Structures are given as C-alpha cells and as structure tokens.
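In what follows, a structure is listed as structure tokens, so that the remarks can point back to it.
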Amino acid sequence: MRVEANPFAYDFDIDTTALVLIDMQRDFIEPGGFGETLGNDVALLEAIVPATQTMLKAWRDAGGLVVHTREAHEADLSDCPPAKLNRGTPTHRIGDLGPMGRILVKGEPGNQIVDALAPVEGELVIDKPGKGMFYATGLHEILQNRGITHLLFGGVTTEVCVQTSMREANDRGYDGLLLEDCTESYFPAFKAATIDMIRAQGAIVGWTAPSHALLAALRGTGSD
Ligand code: TIU
C-alpha cells in the first residue's frame, strides 16, 4: 500500500504496520490535567479528536494493530526521577491531586484516554514513564514479536512525546509516518517546526502526511 506523503511516497503493509496514538489522555486534552498545570491552553488539542477518531475507525476496519500510550507513573512515583518531578513551576506537580485525580498517575481519571478514542479489546495500551514510548516499556520487543516494521503516528504533543517516540522508533529501525492533522501542540509554531524537521534531509526521522492520504490508501483510491 502506498501513501502520498512528504518528502516522498510511504509504502507499507497493514500486517506489519501499527497505528500508534500517543498520550490522547485527559491529562493533556481536558482542563484540570497536566497540560493545563504547565500553563497551557488545552483547547487546541481537543480539536484533533474527530480526525483521529475517523483514522482510528478506518484503521480498525482495515484490521490493523493499534497501540495507545499514556504518560503514566506509579502511585508511589518510584518511576519518576526527581529531574522530571521538579522541573519548572507548574501549579500542580506530577502526583499532586488535581480536579481529575492525581496528575499523571496510573489509574486516575485524568490518566484515561479520552472516551472518543478509548481502546478496545485486542489493542495495546502502553503506560510510559518518559516522553518516548520505548523507554522502560518493553514495547520494542512486543512489536518485534508481532513483526511490526512500520508505525503510523498521531497524538500529543507533537514536539514532545510524539517527536521523541518517532525518533526512538527511527533509531530502532522502524519506518514512521506522522499524521499531520492527528497530532497537535500547545504551540502551533512547534508543531509546524516538528513536521518540517521530521521530513527534512530525505525523511531523516520519517514521513508526514495528512490523514486523508492514508484514508485514500486504505480505500484503495490512493496512488497504488
Ligand atoms: N508538555 C508537553 O507538551 N507534553 C508532555 O509533557 N507530554 C506529552 O507530550 N505527551
């Protein structure tokens, strides 16, 4: 299957490709979570939910593997290094009690994936203590065991957890494609810069494409 992508066409087989949705959790997308405690306007991020939902449905219908990640820490914060815990001047720190429970803590209401994109049986849900999806998660081994070589990325935020995960994936030998309208940042300029730098220098980190290009490929109306 071929997607019209940048900087050039992206070829993949559904059987060896996973759709990865990074951290589409209430902590980043809804008021009262980690994103807002850092001083961000979370309204921008909610806007990508409909396009991401359409993509998720099409990928499920095509029979592709779905991976959801959450940025999530143990209740005792034993997996949260002081360097992460103490960074900046948020109104609430990781582990503090906010309106949606303890910030970025496993099992809390704010740590759940938004309802519109909730995982279904058979999909992978990976809790990650870092920004990247491979650090301390075992995900590489899981994907290798399933023969996955290609990863389609959506999620938040573009320049933090999504970009870190794409770079980690690139270094592990995956071909990654970022779905441009299924990712968002609190800073539009950072999103634009991230898309530019991913596909620069002949896809140095990977490819990017609007979701309609992937949908067209799945419908068989793409270029191949
Ligand atoms: N702060 C910010 O932009 N992002 C994060 O802290 N985590 C993710 O991107 N998921």
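Values below: all heavy atoms of this structure, side chains included; hydrogens, waters and symmetry mates excluded. Whatever order the structure lists ligands and atoms in, that order sets their numbers, starting from 1. Just so we're clear, the structure is a prediction, and the values are computed from it rather than from any experiment.
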Shortest non-hydrogen contact between V156 and C161, atoms and distance: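 Distance-wise, the nearest heavy atoms are O-CB, 3.8 Å.
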Would a 4.5 Å heavy-atom cut-off, applied to side chains only, mark K128 and E71 as touching?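 Yes, side chains in contact.
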Where at least one partner belongs to residues 177-200, residue pairs that pass side-chain hydrogen bond (donor to acceptor under 3.5 Å, both in side chains), sequence neighbours excluded: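 Qualifying pairs, neighbours excluded: T158-T183, E159-S185, E180-R199, E180-T208, D181-S211, R199-T208.
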Of K106, H73, K84, the residue whose pairing with D79 passes side chain to side chain donor-acceptor pair (under 3.5 Å):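 Only one of K106, H73, K84 forms a side chain to side chain donor-acceptor pair (under 3.5 Å) with D79, namely H73.
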Among L152, L218, L21, I48, which residue meets the side chain to side chain contact (heavy atoms under 4.5 Å, CB included) test with M55?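 When side chain to side chain contact (heavy atoms under 4.5 Å, CB included) is applied between M55 and each of L152, L218, L21, I48, only L218 qualifies.
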Single hit among L19, V114, L117 for side chain to side chain contact (heavy atoms under 4.5 Å, CB included) with T52: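 By the side chain to side chain contact (heavy atoms under 4.5 Å, CB included) criterion, T52 pairs with just one of L19, V114, L117: L117.
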Could you go through ligand 1 and list every pair where one of its N or O atoms sits under 3.5 Å from a protein N or O, giving the atom names and the distance to one decimal?
residue, atom, partner, partner atom, Å
ligand 1, 3 (O), T157, OG1, 2.9
ligand 1, 4 (N), T157, OG1, 3.4
ligand 1, 6 (O), K131, NZ, 2.9
ligand 1, 7 (N), E71, OE1, 2.9
ligand 1, 9 (O), T157, N, 2.9
ligand 1, 9 (O), T157, OG1, 3.1
ligand 1, 9 (O), C161, N, 3.2
ligand 1, 10 (N), D23, OD2, 2.7
ligand 1, 10 (N), V156, O, 3.1

